[in-house]
Structure formats: C-alpha cells, structure tokens
Amino acid sequence: MQNFRHYIFLFIIIPLFTFAEDGSQLWLRYPVNQKLRSIVNSNSKSPTLEIAKKELNKHWSGQPIDLKIDKFPDSFKDGYKIISTPKKITVLAKTDLGLLYGSYNLLNLQQQKANLTNFNLVEKPSFDVRILNHWDNLDGSIERGYAGHSLWKWEDLPNIISPKYEEYARANASIGINATVLNNVNASPNMLRGDYLKKVKILADVFRPYGIKVYLSVNFSSPKVLGNLKDSDPFNKDVQKWWKDKASEIYKLIPDFGGFLVKANSEGEPGPQDYGRTHADGANMMADVLKPYGGIVMWRAFVYSPSSDDRAKQAYLEFTPLDGKFRDNIIIQIKNGPVDFQPREPFHPLFGAMKNTSQMVEFQLTQEYLGHSNHLVYLAPLFKENLDSDTYSDGKGSTIAKITDGTLRPAKFTAISAVANIGEDTNWTGHHFAQSNWYAFGRLAWNHNLSSEQIADEWIKMTFTDDKKFVNPVKDMMLTSRETAVDYMMPLGLHHIFAGMHHYGPEPWGDYKGTRADWSPVYYHRADAEGLGFDRTKTGSDAVSEYFPPLNEMYGNIKTTPENLILWFHHVPWDYKMKDGKTMWEALCYKYDLGVHEVRDYQKVWGKMQPYVDNERFTDVQSKLKIQSKDAVWWKDACLLYFQTFSKRPIPDDIERPVNELEDLKKIKLPMGHHN
Ligand code: GCV
C-alpha cells in the first residue's frame with residue numbers, strides 16, 4: 001500500500017515538473033526540430049560558425065539556409081544581410097560573428113511568428129562595444145544584485161565549468177551583446193592575481209565562440225597592494241612597469257582580452273588624484289600598456305565630492321578641463337544622469353561637453369532605485385529618453401545617441417554599457433519581467449533606433465505568447481511602467497529620497513548628519529515652509545550652466561522647465577501654479593495617487609492574463625505585483641504625509657486617504673545593509 005501511494009504521488013508530480021515553467025529559458029524558446037535536418041551550408045569554418053549551424057539545424061524549421069562570408073566595408077563590422085525567398089535564405093556577413101547574429105535573428109523572427117518567406121534586411125550594430133557591467137564580487141556576492149549570487153563560481157574555476165556560462169553567452173549573443181565586465185567596479189585588487197586570471201581565461205574561452213570579449217574592473221591601487229610597490233602613482237616608473245607586465249600576463253592567457261573598466265577617486269576608491277595626478281594621467285598610463293594589444297580603458301566619470309555644493313555638478317567640473325588629454329583607446333563612461341540611476345533624471349551634462357574625448361553611456365539594469373527585483377519596471381523608455389535627448393553640443397540634433405555612436409564626431413570605437421541584473425536565480429533576473437531589461441539593452445545597443453514598443457513586442461512574443469489578447473495589454477503595462485514608478489516614487493523631478501544604504505523604500509525625512517550630506521534625502525528635496533525642490537538655477541547651485549544653450553536658459557527658467565523635472569531644477573513654492581492650474585502641492589498629491597492606481601490596474605490586467613500564461617510564471621508575477629502595490633502605497637503615504645508637514649495643505653479630497661501613520665513609517669528599518 002505504501003508503495004502504491006508512492007507511485008500515485010509520482011504520477012501526479014512528474015507531469016507538473018515536466019511542464020514547469022521557471023523562466024530559466026529567458027526569451028530563447030526556439031522550438032526543437034523533431035528530426036535533425038541538415039539544411040545549412042556555409043563557406044567558412046570556425047567554432048562560431050559551428051554554433052550558428054548547430055542552432056539552425058536544431059531549431060530552424062523553414063527553408064534551407066546558406067551562411068556566406070562576403071565582402072563588406074569595414075564599417076559593416078559584425079553586421080549581416082538576409083535575403084529570403086520562398087526556396088532559400090542567404091545570410092551574408094563580413095565575419096563569422098555576423099553570420100551567427102544573422103542566424104539568431106532568423107530564429108528570433110521565427111519565434112515571433114514573423115513572415116519569413118520573402119524579405120530582405122540589412123543590419124549593423126549602432127555601437128562597437130555592447131557591454132554588460134557585472135558588479136560581482138569575488139566572494140560570490142553582487143553589489144546591488146537582486147537575483148541571487150554571482151554566476152561566476154570563482155572557487156570552482158578553473159576546474160569546474162558551470163553550464164550556465166555557456167547559457168549566459170548564448171543569451172547575450174542572441175541579442176548582439178558582445179562584451180562583459182566580470183567584476184564589480186569597486187574592484188578587489190585580487191582580481192588581477194595570477195590564479196584569478198587563470199579562472200578568467202576559462203570564462204573567456206567559453207564566451208569567445210559567442211563573440212563575447214571579457215573585460216575586468218581594476219583597482220587603481222593594485223600595484224601597491226598586489227605588487228608591494230611603495231605607491232600606485234601613475235608617474236612612478238615601477239608602477240608603469242607593473243601594469244605593463246600585468247597586461248602581458250593577461251594577454252598571454254587571453255589574447256583577445258577587451259580591457260579595463262576603472263572607478264577611480266569615486267566613493268572612496270583609490271585613483272590618480274591620491275598622488276596629485278589627474279584622471280587623464282591615470283587613464284593614459286593604463287591605456288598605454290593595453291594599446292599594443294588593442295585593449296581599451298573605460299574610465300568612469302562617476303565622481304562627486306562631499307565639499308561640492310551640488311553633487312550633480314562634480315563630474316563636469318572634474319572632466320571637462322581634461323578634454324583632449326585622453327589617449328584614443330580611452331572612453332569616458334558616463335551614467336545616463338548626473339546623480340545616480342534615479343527613476344528620472346535629466347541627461348548628464350558631460351555628454352557632448354568633451355568634444356575631443358570619446359564618451360559612452362552607462363545604464364543600470366539592476367533596479368537599485370526602482371524596487372529591486374520586486375517591481376515591474378520596463379526600462380527601454382528610460383534608455384530611449386536618454387539616448388534621444390538633444391544636448392545641443394553641436395547645434396540642434398546633437399543627441400546622446402549621435403554623440404556616442406560616432407555619427408557626430410569620428411571615434412576610434414564606440415560603446416554602450418549597462419550594469420547587469422543577472423544572478424544565479426533560476427529565472428536569471430529575480431523578476432520575470434526584469435529579463436526584458438536585459439533584452440532591451442541588448443537590442444538598443446545593437447540598434448538604438450528601435451522603439452521601446454517594438455522591443456517589448458518582440459520580447460513578449462518570444463518569452464510568453466504571440467496571442468494578441470496577451471501581447472497588447474501586457475505591452476501597455478510594460479510601456480507605462482517606468483512612468484508609473486516615477487509617479488509613486490519620485491514625481492516632478494524629485495530624486496534620491498530613498499532609505500539609506502539599500503535604496504528600497506522611501507525615507508524623505510532621512511538626514512544622515514555626521515556622515516555625508518550628499519547621501520541624505522533632505523539634501524536632494526530641500527523641503528521647507530516655502531516649497532520643495534533643489535534650486536539649480538543661477539540663484540542656486542547654477543548646475544544649469546553646465547548645459548548648452550538653449551537648455552541652460554530653458555532649465556534655468558521655471559516657466560520653461562518641463563514639469564517632469566521641475567523639482568530637479570527649482571525650489572518651487574507649494575502654491576506655484578502648474579500648467580493645468582493645480583498647485584504644485586496638489587500636482588504632487590495627484591501624481592502619487594496616480595502611481596498607486598496604475599499599479600492596481602496592472603494587477604487587474606495581469607489577473608486577466610491567466611488563460612494565456614503558465615501557472616508558475618502567472619503566480620510569480622502576481623505575487624510580485626502585490627508587493628509593488630503595497631510598496632506604491634507606502635511611497636505615497638510616506639512622501640505625502642512627510643511633505644505635508646512642510647506644505648501644511650490638505651491632501652485633495654478625491655484621492656485615496658493615507659492608510660499609514662507617518663510615525664510608523666519612519667520606524668521601518670529593512671534588514672538590507674549597504675554603504676550608501
Ligand atoms: C558600485 C551607487 C551605488 C553603488 C555603486 C556606485 C557606482 O552609488 O549605490 O553601489 O558602486 O553607484 O556606480 O560606482
């Protein structure tokens with residue numbers, strides 16, 4: 001009897017497991033052909049081509065395919081051309097990697113149920129280097145990671161090679177990502193130790209056939225800490241030699257090593273300024289040792305100082321005087337906004353301001369300031385808003401996309417980066433919908449002209465279903481989700497009013513006296529009896545003067561500042577009349593309320609999606625939306641009740657009443673530690 005029961009149990013359980021949908025497949029749900037069909041020909045042989053052939057043989061169910069290397073200009077890079085007739089498809093490219101990208105595009109289109117019998121297309125990447133930045137530490141933890149531990153098993157390497165490494169490479173290659181920085185920008189010097197480099201080599205070997213180059217974040221003090229030198233001064237000959245020898249050691253192991261990413265003199269990290277040298281002095285030293293091997297330096301501009309009157313101004317002040325002083329294999333990596341990956345920021349004024357220096361954008365996929373992996377926030381609209389921003393650096397039309405992709409100024413190479421949201425969680429990113437941000441970054445890095453809508457459409461069809469009854473409502477939800485998060489967290493240009501350290505919930509009352517003023521929410525919102533917001537006009541910090549005309553004038557004038565940034569640039573009186581006639585205080589109340597309602601609507605929308613989605617992912621997303629909904633109310637109550645202590649005005653009658661006491665909200669201390 002015992003045994004019998006046991007069998008019954010298995011009968012019930014096995015089918016459940018067989019069909020379990022855990023999100024581990026990401027958007028790669030290519031159907032498997034029943035019979036192995038040899039329908040792919042190619043005129044080239046390489047591990048990369050072998051992958052293309054294997055993928056197509058296994059998953060392509062259409063007409064025969066020729067993969068052909070052909071002549072194209074250098075500017076074509078890893079682009080490809082597809083010529084499709086009902087009888088045959090030809091993929092042409094200059095490189096094997098181009099053929100692999102073309103093959104993945106065919107499989108992606110097949111999965112989106114596109115018509116593939118008669119079409120031509122030509123694709124080439126917008127940026128040369130399309131790179132993920134992992135903030136992974138050597139102990140397996142991830143700074144600002146919300147999807148479990150690091151994928152990289154440093155303890156097991158170089159002997160044990162996790163199958164996840166190849167899955168990771170494949171997912172990236174399927175959308176054209178071609179580079180990765182393996183470790184945190186707050187870099188341990190140990191990353192460059194000989195034993196670690198041997199581990200890195202193994203990862204580079206796994207990634208190589210998928211066209212992915214490995215880069216490392218390096219600690220500026222490595223010569224002193226690892227090499228026992230007396231300092232790490234870039235002008236010290238011994239230091240220069242140490243880096244030269246290190247480069248040679250790396251390239252012996254990894255001949256196509258990409259280069260270094262450096263966070264220097266930022267948030268306590270060491271850097272050239274420790275020795276009275278400039279960012280350019282430090283970056284040039286590294287660029288010189290990488291140059292013979294074709295390596296590059298991505299030097300971050302994320303600097304701010306406790307003595308500055310406005311954190312948002314600092315990077316511009318430190319970097320613009322150095323324009324033209326950087327070697328041509330250096331690129332300055334600049335966060336999309338001047339503060340720090342906030343729900344909404346104006347674009348960083350450094351973009352375009354250094355006319356003789358290459359620049360790249362750094363986005364953040366991991367949702368440090370956007371509800372971690374609990375909130376559904378599709379980030380393509382944020383990325384597009386930034387890339388399409390007109391800096392006016394070279395007259396009208398000088399968008400960030402055109403400055404960084406080489407269109408406006410000749411650049412030796414171009415790049416775009418994003419801080420990864422990937423960990424070892426089964427579904428890779430913690431929230432099923434956070435996979436869409438990885439996907440969207442890859443797609444925009446490949447083609448920044450794609451719309452947020454098209455990318456969402458592709459991703460939904462590949463990840464879930466092409467049924468319109470699912471695609472349309474879910475797409476609407478995704479497309480509005482970023483603005484919704486802005487509404488319930490930081491509308492009208494508010495920023496950095498998060499709880500300290502972990503940046504999860506609201507803490508507008510936060511005033512970390514005794515530490516750094518510029519880590520305190522009160523520093524950013526400046527609420528007082530008169531009004532709310534940071535005066536960055538001429539009467540305030542004058543950060544507006546870092547923007548090119550006419551933006552400096554536009555942002556400098558409260559009447560012409562877009563209302564979605566009004567509290568970023570101005571200290572606005574509570575009774576200031578907004579364009580629709582509401583007072584600023586009322587507008588603030590309505591925005592928070594709208595944010596809450598929007599999340600409630602997402603819950604309703606998702607509830608109706610049950611028939612179209614597997615039960616596992618349905619309930620996972622449903623649970624996350626419950627958290628998001630509660631968090632939105634938490635944000636609304638905390639911010640409105642707190643700001644009301646200054647505004648002394650009533651919350652308009654027609655919005656939902658607070659359900660929390662301010663004093664209770666102030667007591668919340670989440671057990672998530674972090675330094676700032
Ligand atoms: C990796 C913010 C984050 C830090 C991060 C830093 C950076 O301050 O909170 O965790 O450090 O940005 O981008 O260097």
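The shortest distance between side-chain heavy atoms of Val200 and Ile250 does not fall below 4.5 Å. Looking at heavy atoms from C-beta onward, Leu106 lies in side-chain contact with Val91 at the 4.5 angstrom threshold. Looking at heavy atoms from C-beta onward, Val419 lies out of side-chain contact with Phe363 at the 4.5 angstrom threshold. Residues Met191 and Leu197 have side chains not in contact (no heavy-atom distance under 4.5 Å, counting atoms from C-beta outward). Residues Leu99 and Ile69 have side chains in contact (heavy-atom distance under 4.5 Å, counting atoms from C-beta outward). For the pair Arg443/Trp446, a side-chain contact is recorded, criterion being any heavy-atom separation below 4.5 Å from C-beta on. Taking 4.5 Å as the limit, every side-chain heavy atom of Ile331 sits out of range of all side-chain heavy atoms of Val297. Using a 4.5 Å cut-off on side-chain heavy atoms (C-beta onward), Lys412 and Ser358 make no contact.
Between the OG atom in Ser150 and the CG atom in Leu182 there is a gap of 8.5 Å [rounded to 0.5 Å]. Expressed to the nearest 0.5 Å, how far OG1 of Thr180 lies from CZ of Arg130 amounts to 13.5 Å. Expressed to the nearest 0.5 Å, how far CG of Leu551 lies from CG of Asp390 amounts to 7.0 Å. In this structure, Thr95 OG1 and Asp70 CG are separated by 12.0 Å, a value rounded to the nearest 0.5 Å. Rounding to the nearest 0.5 Å places OG of Ser84 at 5.0 Å from CZ of Phe119. Between atom CE of residue Met286 and atom CZ of residue Arg327 there is a gap of 13.5 Å, rounded to the nearest 0.5 Å.
Using modelled atom types and a 3.5 Å distance limit, the side chains of Asp136 and Asn184 yield no donor-acceptor pair. Side-chain polar atoms of Thr117 and Gln63 form no donor-acceptor pair below 3.5 angstrom. A donor and an acceptor atom, one from each side chain of Asp323 and Thr357, are located under 3.5 Å apart. No hydrogens or angles considered: nothing links the side chains of Tyr101 and Asp78 as a donor-acceptor pair under 3.5 Å. In this model, a donor atom of one side chain and an acceptor atom of the other lie less than 3.5 Å apart for Asp281 and Thr278. Judged purely by distance below 3.5 Å, without hydrogens or angles, the side chains of Ser103 and Asn105 never pair a donor atom with an acceptor atom. Under 3.5 Å, the side chains of Thr48 and Asp96 contain no donor-acceptor pair of N or O atoms. Side-chain atoms of Glu143 and Asn186 include a donor-acceptor pair closer than 3.5 Å.
For Phe257 and Tyr251, the ring centers sit closer than 6.0 Å to each other. A ring-centre distance under 6.0 Å is found for Phe347 and Tyr547. A ring-centre distance under 6.0 Å is not found for Phe383 and His448. The six-membered or imidazole ring of Phe207 lies near that of Tyr168, with a centre-to-centre distance under 6.0 Å. Between Trp243 and Phe260, the ring centre distance stays below 6.0 Å.
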Please assess Gln110 against Ser61 for the test side chain to side chain donor-acceptor pair (under 3.5 Å), listing each intermediate value before the final yes or no. CA-CA 9 Å; Gln110 171 182 264; Ser61 53; 3.1 Å; yes
Between Phe441 and Ile177, does the side-chain contact (heavy atoms from CB on, under 4.5 Å) criterion hold? Intermediate values first, please. CA-CA 9 Å; Phe441 168 68; Ile177 291 173; 4.0 Å; yes
Chi angles and distances behind the side chain to side chain donor-acceptor pair (under 3.5 Å) call for Asp405, Ser126: CA-CA 6 Å; Asp405 78 356; Ser126 296; 5.5 Å; no
Begin with the C-alpha distance, continue with both residues' side-chain angles, and end with the deciding distance and a verdict on salt bridge (Lys or Arg N to Asp or Glu O under 4.0 Å) for Arg344 and Glu483. CA-CA 9 Å; Arg344 169 165 281 116; Glu483 206 58 44; 2.8 Å; yes
Give the intermediate values and the outcome of side chain to side chain donor-acceptor pair (under 3.5 Å) for residues Asn133 and Gln364. CA-CA 9 Å; Asn133 291 183; Gln364 192 183 47; over 6 Å; no
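Using a 4.0 Å cut-off between a side-chain N of Lys or Arg and a carboxylate O of Asp or Glu, Lys291 and Asp328 qualify as a salt bridge. The pair Asp205-Arg208 counts as a salt bridge, with a side-chain nitrogen and a carboxylate oxygen less than 4.0 angstrom apart. The pair Asp256-Lys213 fails the salt-bridge criterion, with no side-chain N (NZ, NE, NH1 or NH2) lying under 4.0 Å from an Asp/Glu carboxylate O. Under 4.0 Å is where a charged nitrogen must lie from a carboxylate oxygen, and between Arg482 and Glu385 at least one such pair does. Taking the charged nitrogens against the carboxylate oxygens, Lys94 and Asp74 do have a contact shorter than 4.0 Å, which makes a salt bridge. Between Arg300 and Glu362 a salt bridge is recorded (basic side-chain N to carboxylate O distance below 4.0 Å). Taking the charged nitrogens against the carboxylate oxygens, Lys164 and Glu167 have no contact shorter than 4.0 Å, which rules out a salt bridge. The pair Asp128-Lys77 counts as a salt bridge, with a side-chain nitrogen and a carboxylate oxygen less than 4.0 angstrom apart.
The two atoms that bring Gly352 and Gln359 nearest to each other are N-OE1, 3.0 Å, heavy atoms only. Here the closest heavy-atom approach between residue Arg170 and residue Glu55 is recorded as NE-OE2, 2.6 Å. Counting all heavy atoms, side chain and backbone alike, Phe326 lies closest to Ala280 at CE2-CA, 3.4 Å. Pairing each heavy atom of Ser452 with each of Ala380, the nearest pair is OG-C, 3.5 Å. The minimum heavy-atom distance between Ser42 and Lys53, with the atom names listed, is OG-CE, 3.3 Å. Contact detail for Leu116 and Trp60: the closest heavy-atom pair is CD1-CH2, 3.5 Å.
Around the NZ atom of Lys355, the shell of radius 6.0 Å holds more than 12 heavy atoms that belong to other residues, nucleotides or ligands. Atom NZ of Lys313 is surrounded by more than 12 heavy atoms from other residues, nucleotides or ligands within 6.0 Å.
Looking at residues two or more places apart in sequence or on another chain, you find no side chain to side chain donor-acceptor pair (under 3.5 Å) involving Lys199. Residues meeting the ring pair (Phe, Tyr, Trp, His ring centres under 6.0 Å) test with Phe351, sequence neighbours left out: none. Residues meeting the salt bridge (Lys or Arg N to Asp or Glu O under 4.0 Å) test with Asp394, sequence neighbours left out: Arg409.
At least one test fails for Lys263 against the ring of Trp299: distance under 6.0 Å to the centre or angle within 45° of the axis. Judged by a 6.0 Å distance limit and a 45° cone about the ring axis, Lys124 is not positioned over the six-membered ring of Phe76.
Just one residue in the list Val181, Leu192, Leu261 forms a side-chain contact (heavy atoms from CB on, under 4.5 Å) with Leu216, and that residue is Leu192. Exactly one of Tyr378, Trp438, Trp459 qualifies for a ring-ring contact (aromatic ring centres under 6.0 Å, His included) with Phe433. That residue is Trp459. When each of Tyr104, Trp27, Tyr30, Tyr439 is paired with Ser174, the side-chain hydrogen bond (donor to acceptor under 3.5 Å, both in side chains) condition holds for Trp27 and for no other.
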